[in-house]
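To start, the structure under review is shown below, and the notes come after it.
By convention in this document, chain letters (A, B, ...) are assigned in the order of the sequence lines, proteins followed by strands, and residues within each chain are numbered from 1. The basis for the numbers below is simple: all heavy atoms, side chains too, and nothing from hydrogens, waters or symmetry mates. Predicted model only: the values in this text are computed from it and were never measured.
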Amino acid sequence: MSQVRVRFAPSPTGPLHIGGVRTALYNYLFARKNNGSFLLRIEDTDQTRFVEGAEKYIMDALEWSGIKVDEGIREGGNYGPYRQSDRKAIYKQYADLLVQKGDAYYAFDTQEQLENMRNEAEKSGKTFIYNASVRSGLNNSLALEENVWKEKLEKGDAFVIRYRMPAEEEIHLHDLIRGHIVVNTSTLDDKVLFKSDGMPTYHLAHIVDDRLMEITHVIRGEEWLPSLPLHIMLYRSFRWDAPQFAHLPLLLKPDGKGKLSKRDGDKMGFPVFPLFWPYGETAKGYREDGYYPEAFVNMLALLGWNPGTEKEIFSMDELIEAFSIERVGKSGSRFDPEKARWFNHQYLQKKTNSQLAAEFSEFLKTKSIVEDIVRLESLIGIVKERVSFVREFWDQTDFFFIAPESYDTDAVKKRWKADTGSQMIGLRALMAGMNTVAAAPVEEAVKSWIEAGGYNTGIIMNALRLLLVGASRGPGIFEIIEWIGKEETLRRIDRGVAVLGI
RNA sequence: GGUCCAUUCGUCUAGUGGCUAGGACGUCAGGUUUUCAUCCUGGUAACAGGGGUUCGAUUCCCCUAUGGACUACCA
């Protein structure tokens with residue numbers, strides 16, 4: 001078998017959403033799994049939909065996701081150019097070839113005329129289809145006298161080239177994921193292959209490019225399944241061997257209706273894009289939300305594919321090893337933001353404290369806080385397991401850096417009793433007399449003090465926590481004391497007693 | 001409307017002509033914890049419906065329903 005070559009071929013009409021990233025990922029995994037090549041081809045044949053920045057975004061998003069392109073605009077390769085607008089000169093000859101073979105023809109109908117015919121058909125409850133049943137009555141080289149249409153061409157009249165779909169023929173298709181599919185050509189139309197602006201349509205361009213780039217497997221979204229018969233017919237007309245096809249199930253909107261689309265932006269309460277999109281209507285991305293690319297990719301890989309085992313955490317290498325197109329599901333999937341969060345939690349737990357300290361240190365700069373990296377590492381160690389995102393370290397540790405200025409009302413009500421203040425003063429004296437505030441000795445001292453005084457452990461501890469944290473939350477009291485130090489501990493007790501009363 | 005695709009717990013999914021239909025996330029309960037989380041244990045929850053085929057269907061076939069995609073000189 002020839003070398004496996006697959007491509008991801010987005011059009012640069014805006015930011016790539018996560019469905020697109022997943023398509024790219026499956027292509028990439030398939031290529032790596034089979035020691036093949038993964039190419040990125042930009043499909044910008046529709047010049048009216050060009051969006052500034054989209055092409056760069058696509059490449060950046062793949063790079064961030066850890067999906068490495070073997071051949072493409074940035075990477076180069078022996079099958080370029082990799083941008084269809086740069087390949088413009090290639091396509092016309094192939095459209096002409098089809099006309100010569102009699103499998104395509106010139107059509108001169110204006111868009112207005114077609115629009116009218118569609119409207120007319122709709123009035124009588126029918127659908128206008130430009131195909132064998134009507135083409136002989138329309139304005140094209142199949143219906144017109146040869147000298148008439150040739151004259152039109154010479155005059156420079158606007159024309160398109162349409163595929164001449166057979167009137168009535170069963171086409172048998174095979175899809176790697178869906179199996180055998182049969183479609184009758186009578187339900188298909190004579191698709192435009194070459195537009196009046198001199199550019200090919202997707203249908204022609206991608207067939208030609210896939211051929212020229214020696215693509216062996218086309219792995220793309222399910223939205224392309226309805227046009228697969230056309231594509232198969234094109235390969236047949238060119239007398240080319242068709243690649244294998246696999247149509248991926250779609251990613252659905254989490255709230256139920258329809259496929260996920262770029263326009264969903266972040267209305268859903270979670271990002272639908274890998275990266276922040278800075279142009280026009282901006283949209284947030286997974287990267288900026290604090291997701292690790294490994295977690296993002298892991299989550300995406302399991303959305304529509306599974307290994308058949310109960311393993312859920314996969315590195316990219318493990319995904320490559322385990323991936324097979326046969327295990328891609330058939331039905332669309334909605335994704336669950338909670339599960340995405342869980343994946344990030346798993347990956348964050350695997351990071352070392354020193355890595356996390358460095359990341360958290362960056363975050364702290366936004367709060368104008370500078371802290372010793374070793375002290376940060378020990379802080380990370382204290383709260384790591386309760387955190388899913390780096391930014392959440394702040395939610396768990398803000399009181400380490402900033403003494404409480406107010407005290408949670410409910411906690412005060414519950415934890416601050418009539419004689420609590422005087423007990424806290426006693427506790428303060430105990431700690432003031434110690435020459436260390438390391439967690440273990442303080443804990444020992446406090447506990448024996450409690451025992452000696454006949455106090456209730458829960459009451460004392462919770463009250464002390466209230467003074468140090470300002471609320472009923474946070475890690476172990478003695479870990480907090482050790483980290484903030486003796487002076488700060490005493491200061492917080494003093495202030496708390498002053499505010500809450502004796 | 002037409003064509004095509006799909007349908008297992010709320011979500012992602014495993015699975016088989018005969019299983020107590022499995023796992024994960026969520027959720028609920030209990031435990032751990034001085035608090036809040038984490039964590040541990042346990043529970044809850046699904047084969048869309050109707051016909052066949054069969055000794056027996058979640059599994060195979062048909063119909064219906066539902067969902068989705070497509071139906072542009074967009075990809």
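The aromatic rings of His231(A) and His203(A) sit tilted, their planes meeting at an angle between 30° and 60°. Ring geometry for Phe128(A) against Tyr130(A) counts as perpendicular: the plane angle is over 60°, on a 0 to 90° scale with 30° as the lower cut. Classified by interplanar angle (parallel below 30°, tilted 30° to 60°, perpendicular above 60°), the ring pair Trp394(A)/Phe363(A) is tilted. Taking the six-membered ring for Trp and thresholds of 30 and 60 degrees, Tyr106(A) and Trp149(A) have ring planes inclined between 30 and 60 degrees apart.
Taking for each of Ile177(A) and Thr187(A) the nucleotide of RNA chain B with the nearest heavy atom, the 5'-most of the two is the partner of Thr187(A).
The distance from atom CG of Leu252(A) to atom C1' of rA6(B) is 10 Å, rounded to the nearest whole Å. As rounded to whole Å, 15 Å separates atom C1' of rC4(B) from atom CD1 of Ile232(A). In this structure, the NZ atom of Lys311(A) is 18 Å from the P atom of rA14(B), given to the nearest Å. In this structure, Arg220(A) places its CZ atom 17 Å from P of rC74(B), rounding to the nearest Å. Atom CD in Glu385(A) sits about 16 Å away from atom P in rC36(B), given to the nearest Å.
Considering only the side chain of Thr127(A), rG1(B) comes nearest among rU38(B), rU13(B), rG1(B). Counting only heavy atoms from C-beta on, Arg386(A) has its side chain closest to rA37(B) among rC12(B), rA75(B), rA37(B). Closest to the side chain of Glu223(A), from the set rC39(B), rC25(B), rA69(B), is rA69(B).
Using N1 to N3 plus N6-O4 or O6-N4 for Watson-Crick, or N1-O2 and O6-N3 for G-U wobble, each under 3.5 Å, rA65(B) pairs with rU7(B). rC36(B) is unpaired under the criterion used here, namely a Watson-Crick or G-U wobble arrangement in which both key atom distances are under 3.5 Å.
Using a 4.0 Å heavy-atom cutoff across all strands shown, Ile181(A) reaches sugar-phosphate atoms only and no base atom.
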